[in-house]
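Contents: one structure, followed by commentary.
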Amino acid sequence: MVAPKTGVLALQGDFAEHLSVLESLGYRSQMVRSCLDLDVVDALIIPGGESTTMLKLIDRYEMRDALVKRVQSGMPVFGTCAGAIVLADRVSDGERTLGVWELQVERNAYGRQAESFEADIPVDGLDEPVRGIFIRAPIITDAGRSTVMATWAGQAVLVRKENLLAATFHPELAGEHRIHRWFVENLCSRGE
Ligand code: GLN
């Protein structure tokens, strides 16, 4: 089997950090900036950043329909922070997301005091906790039928459903490689 090639949506946000995690794990990867790029990847990471800006750029580059179609046909996708918001189907401020995942999220939900913070997060299936960096993170207010893989302060912070994985924190900024490895090894080997 040819190793899957994981794309990183590179319109805005911390895509470079995701690419460097994939690279250091020895996985095939590439930046995705157009529908043509999307056609040649097997899986996609949607990075953190600013979901409103990212969604504007998705529309400007006419990628919305192609992204929705690929997700619906089973392409594995990992969204971190803003990337999780982009995937969700209900957002507190009514933002027009891709809406491909039955998830309700509230943007910037930790308030001013805890806008950005770090915490050690125990994750199902991993022996040691993950260092979670939260930056103006959303809260998943309804995970629907998704599987919750990690919580912090009683809130789901890492969830999965079928081909989809979302974190409200940034493993790629913490030198943390295990979640990316889990994504590629568990979700990307299922084939589309
Ligand atoms: N606050 C950003 C948003 O609402 C997400 C922040 C992040 O990705 N770290 O889109």
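Remember, it's 1-based here, ligands and their atoms both numbered in the order they're listed. Values reported hereafter were calculated over all heavy atoms of this structure, with side chains retained and with hydrogens, waters and symmetry mates removed.
The nearest heavy-atom contact from the protein to atom 5 (C) of ligand 1 is G49 O, 3.3 Å. Here the protein heavy atom with the shortest distance to atom 4 (O) of ligand 1 is R107 NE, 2.7 Å.
Among S92, C81, S116, the residue whose heavy atom lies nearest to atom 7 (C) of ligand 1 is C81.
Under 4.0 Å from ligand 1, the heavy atoms of H170 that appear belong solely to its side chain. Of all the heavy atoms of R136, the ones lying under 4.0 Å from any atom of ligand 1 are found in both the backbone and the side chain. Contacts between T52 and ligand 1 below 4.0 angstrom, taking non-hydrogen atoms only, are absent altogether.
Listed by atom number, the atoms of ligand 1 under 4.0 Å from G48 heavy atoms are 8 (O). Each of the atoms 3 (C), 4 (O), 10 (O) of ligand 1 lies under 4.0 Å from some heavy atom of I85.
Residue I135 places at least one N or O, backbone or side chain, under 3.5 Å from an N or O of ligand 1. In terms of polar-atom proximity, S51 is counted as a contact of ligand 1, with an N or O under 3.5 Å from an N or O of the ligand.
Using a 4.5 Å heavy-atom threshold, the side chains of D37 and Y61 count as separate. Counting heavy atoms from C-beta on, the side chains of R60 and L57 come closer than 4.5 Å.
Residue pairs satisfying the side chain to side chain donor-acceptor pair (under 3.5 Å) criterion with at least one member in residues 5-16, sequence neighbours excluded, are listed as follows: K5-Q30.
A search for side chain to side chain donor-acceptor pair (under 3.5 Å) contacts involving R28 returns nothing, not counting sequence neighbours.
In terms of heavy atoms, A156 sits closest to T168 at O-CG2, 4.4 Å.
Between the R64 side chain and the T97 main chain, a donor and an acceptor come within less than 3.5 Å of each other.
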